[in-house]
Amino acid sequence: MLRFWVFILVLFINLQAKIPKDTLIIAVENEISRINPAYSEDHDVLINLIFSGLVYFDQDMNLKPDLAKSWKISENGLVYDIFLRDNVFWHDGIKFSAQDVKFSIDAFKNSKNNSPLYVNFDNVKKIQIINPYHIKITLDKSYPAFLDALSIGILPKHLLENKDLNTAHFNEHPIGTGAYKFVEWKKGEYVKLQANDKFYRAKVKTPKLIIKHIFDPLIASIELKNGTIDAALIDNSLLNIFKNNPKFKILREKSVDYRALMFNLNNEFLKDVRVRKALNYAVDRESIVKNLLHGYGTVAFHPLQNSWANPKHFNFFNYDLLKAEKLLLNAGFTKNKDGIFQKNRKELKFQIYAMSNDPLRVSLAGILQSEFRKIGVLTQVISKPAGSFDYSKADSFVIGWGSPFDPDFHTFRVFESSQDSDLNEQGWNFGHYHNKKVDDFLLKARNTFNINERKKYYKDFIDALYDDPPFIFLVYLDFALVYDAEIKGIESRILGHHGVGFTSNIYDWSKQ
């Protein structure tokens, strides 16, 4: 009922509002807590707008020079000579130089800064400033994802030197070298930006930009329909509002963003691989894509399906209830009079957590509960707001990951044993998954420069995940970008987690 009245309220607010042609208002789902690249491995929208990396990815996901104008990599993959642009200025007018690059990498590595980026820079052995626009970086191990890692925004040394990065005033009033300058942040509502007239890579076509934070997809669709925002990623269930309406265009964009059920390996039942395999066989993924996503996605079987590391052939769990029940019988479970599997008089039952402010995840949790009940497994769905519970303590959790960059980025941090969140505060291995084969293949893949060898190691990694599944991989999401038909310059690309990347070329967007 509350959501209904919110709907009505928004419907009548600014109903006839017209956004000026010199301004774009874009809705995004998530609001970050600090506008600082050190705390945004996923390349948040604001980070990409305000800051620049040494390299960037074009719309075809090819690496291109950004703050760096060129680079040379030694044959052994250990030494990077990076030559920087000499015509770049920070938004406060100070000139950018190699000092900023060295400061940033040192900051990302420094454990005191609690940056999730540390794992991408912990191989850095030495940084030498050859001159203000030439920097030499030496790694202690080959790390082919290093160039991809250098796409993260560079920080200004002159503003952050000797400051505590965790709490710096800078995090709420950022200064970068990117296409847009920070103007104002009203937390929970919006961030105002203005074009950087000294942006070195292109002329920014729209002078004013507002990033509006709207978590509820229904509210975003209403605001878009009312003309109070110009563009947003819209839930596929709401697209009929915009289809066949000449005022709007819809761009369907593929992503690497997958949804899965994460198992907690500390759970007495879920630590048994036979139980985890049985539950994998119990899920009809095709039905989820068809009936829940309305075709806006694809079936997921492993974490690298939309990556160059995806092998041509791999093992996967099909929908097979007989196999699921057989595995549970082999694991020593029997069905009681109510048709529920039990062992030592204890019913096979666990909790499924989902973020209450993410309708898709809540729906997935409900579907999984129904699927598991068909084979005699009981679950309790617990829906709570994001951040209000400890993911690492939940029996299971509807999780989402996926990076469009090097396959190391959302595999090593998520599945490797040293990244167990109980052992490492910055780790993303919330399910406490430990597998020596997985560790070995991920380490070899991240420290081997030959791409064919890397493909082999990632194939081995995927096979090892099948043999000892930490997740039930469910679906990969497609996203629908709905925007005012007057906007020109929008281009498609493969998107990251939560659709990150849909504004990657926003400096080319214009209603002029």
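Index from 1, following the sequence.
Because its NZ or CZ atom is both nearer than 6.0 Å to the ring centre of Y296 and within 45° of the ring axis, R252 counts as a cation-pi partner of that residue.
Y353 and D395 share no side-chain donor-acceptor pair at under 3.5 Å. For the 3.5 Å distance criterion, the side chains of R413 and N120 fail to qualify, holding no donor opposite an acceptor. Between S307 and Y458, the side chains place no donor N or O within less than 3.5 Å of an acceptor N or O (distance only, hydrogens not considered). For the 3.5 Å distance criterion, the side chains of N171 and Y39 fail to qualify, holding no donor opposite an acceptor. Remark: the D390 side chain and the S392 side chain contain an N/O donor-acceptor pair separated by less than 3.5 Å.
Side chain of E371 to backbone of D284: a donor-acceptor contact under 3.5 angstrom is found. Counting only distance, with no hydrogens or angles, the side chain of N310 and the backbone of Q305 share a donor-acceptor pair below 3.5 Å. Of the possible polar contacts, one joining the S396 side chain to the Q351 backbone as a donor-acceptor pair under 3.5 Å is found. Between the side chain of N505 and the main chain of G489, a donor-acceptor pair closer than 3.5 Å is present. Side-chain N or O atoms of Q419 include none that pairs as donor or acceptor with a backbone N or O of W428 at under 3.5 Å. H497 contributes no side-chain N or O that, together with a main-chain N or O of G402, makes up a donor-acceptor pair within less than 3.5 Å. A donor-acceptor distance shorter than 3.5 angstrom exists from the side chain of H91 to the backbone of G178, with no hydrogens or angles considered. Judged purely by atom type and a 3.5 angstrom limit, S40 has no side-chain atom pairing as donor or acceptor with the backbone of P37. Judged purely by atom type and a 3.5 angstrom limit, R259 has no side-chain atom pairing as donor or acceptor with the backbone of L474. Remark: side-chain polar atoms of D235 are paired, donor with acceptor, to backbone N or O of S237 under 3.5 angstrom.
Ring-centre distance between F430 and F397: not below the 6.0 Å cut-off. Between F471 and F415, the ring center distance clears the sub-6.0 Å criterion. Aromatic rings from H302 and F316 are positioned such that their centres are separated by 6.0 Å or more. Between F317 and Y466, the distance from one ring center to the other falls under 6.0 angstrom.
You'll find the side chain of L481 reaches within 4.5 Å of the side chain of L233, heavy atoms only. Using a 4.5 Å heavy-atom cutoff, the side chains of F461 and V438 are in contact. No side-chain heavy atom of I382 sits under 4.5 Å from any side-chain heavy atom of F389. Taking 4.5 Å as the limit, some side-chain heavy atom of N280 sits within range of a side-chain heavy atom of F263. Taking 4.5 Å as the limit, every side-chain heavy atom of N48 sits out of range of all side-chain heavy atoms of T503. Contact check for Y281 versus I375: no side-chain heavy atoms found under the 4.5 Å cut-off. Taking 4.5 Å as the limit, every side-chain heavy atom of F502 sits out of range of all side-chain heavy atoms of Y483. Under the 4.5 Å side-chain criterion, counting only non-hydrogen atoms from C-beta, N236 is not in contact with D478.
The two atoms that bring A365 and V398 nearest to each other are CB-CG2, 4.1 Å, heavy atoms only. Heavy atoms only, all atoms of each residue included: M61 and F57 are closest at O-CD2, 3.6 Å. When all heavy atoms of S52 and Y200 are compared, the pair lying nearest together is OG-OH, 2.9 Å. G496 approaches F479 most closely through the heavy-atom pair O-CE1, 4.4 Å. Heavy-atom minimum distance, P65 versus W71: CA-CZ3, 3.8 Å. Across all their heavy atoms, F314 and P311 have their closest contact at CD2-O, 3.7 Å.
Taking CD of E189 as the start and CD1 of I214 as the end, the distance is 10.5 Å to the nearest 0.5 Å. Note that OG of S151 and CG of L63 are 7.0 Å apart. Values are rounded to the nearest 0.5 Å. Note that the OG atom of S221 and the CG atom of N240 stand 11.5 Å from one another [nearest 0.5 Å]. To the nearest 0.5 Å, atoms CD1 (I250) and CG (L239) are separated by 5.0 Å. Taking CD1 of I222 as the reference point, atom CG of D216 lies at 8.0 Å (rounded to 0.5 Å). For the atom pair CG (L209) and CG (L24), the distance works out to 6.0 Å, reported to the nearest 0.5 Å.
Heavy atoms from other residues, nucleotides or ligands lying under 6.0 Å from NZ of K277 number more than 12. Residue K247 places its NZ atom among 12 or fewer non-hydrogen atoms of other residues, nucleotides or ligands, all under 6.0 Å distant. Counting heavy atoms of neighbouring residues, nucleotides and ligands inside a 6.0 Å radius, atom CD of E286 does not exceed 12 of them.
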Report task. List the steps, then state whether side chain to side chain contact (heavy atoms under 4.5 Å, CB included) holds for E184 with Y190. Result -> CA-CA 8 Å; E184 178 191 3; Y190 60 79; 3.3 Å; yes
Requested in this report: Might you work through the side chain to side chain contact (heavy atoms under 4.5 Å, CB included) test for L495 and D257, ending with a clear yes or no?
Outcome: CA-CA 7 Å; L495 304 183; D257 193 9; over 6 Å; no
Query - Y180 vs I211, side chain to side chain contact (heavy atoms under 4.5 Å, CB included): CA-CA, chis, key distance, verdict - result: CA-CA 11 Å; Y180 280 90; I211 302 299; over 6 Å; no
Report task. Take L270 and L279, measure what side chain to side chain contact (heavy atoms under 4.5 Å, CB included) needs, and give me the verdict at the end. Result -> CA-CA 10 Å; L270 299 177; L279 295 173; 3.9 Å; yes
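Not counting sequence neighbours, the partners of F248 by the ring-ring contact (aromatic ring centres under 6.0 Å, His included) test are F242. Residues passing the salt bridge (charged side-chain N to carboxylate O under 4.0 Å, His left out) test with E491, sequence neighbours excluded: none. Looking at residues two or more places apart in sequence or on another chain, you find a salt bridge (charged side-chain N to carboxylate O under 4.0 Å, His left out) between D463 and K459.
Ion pairing between a basic and an acidic side chain is recognised when a charged N comes within 4.0 Å of a carboxylate O; D230 and K511 show such pairing. A salt bridge between R276 and D468 is present, with a side-chain N of the basic residue lying under 4.0 Å from a carboxylate O of the acidic one. Taking 4.0 Å as the cut-off between side-chain N and carboxylate O, E453 and K456 do not count as a salt-bridged pair. Salt bridge annotation for D406-R454: present, with a cationic side-chain nitrogen under 4.0 angstrom from a carboxylate oxygen.
Each of W401, F473, F301 was scored for a ring-ring contact (aromatic ring centres under 6.0 Å, His included) with Y258, with one residue passing: F473. Screening N447, T448, D408, D148 for a side-chain hydrogen bond (donor to acceptor under 3.5 Å, both in side chains) involving Y143 leaves a single residue, D408. V191 pairs with exactly one of L49, I210, L46, V183 by the side chain to side chain contact (heavy atoms under 4.5 Å, CB included) rule, that one being L46.
Ring-plane geometry between F108 and F121 is classed as tilted, the angle between the planes lying from 30 to 60 degrees on a 0 to 90 degree scale.
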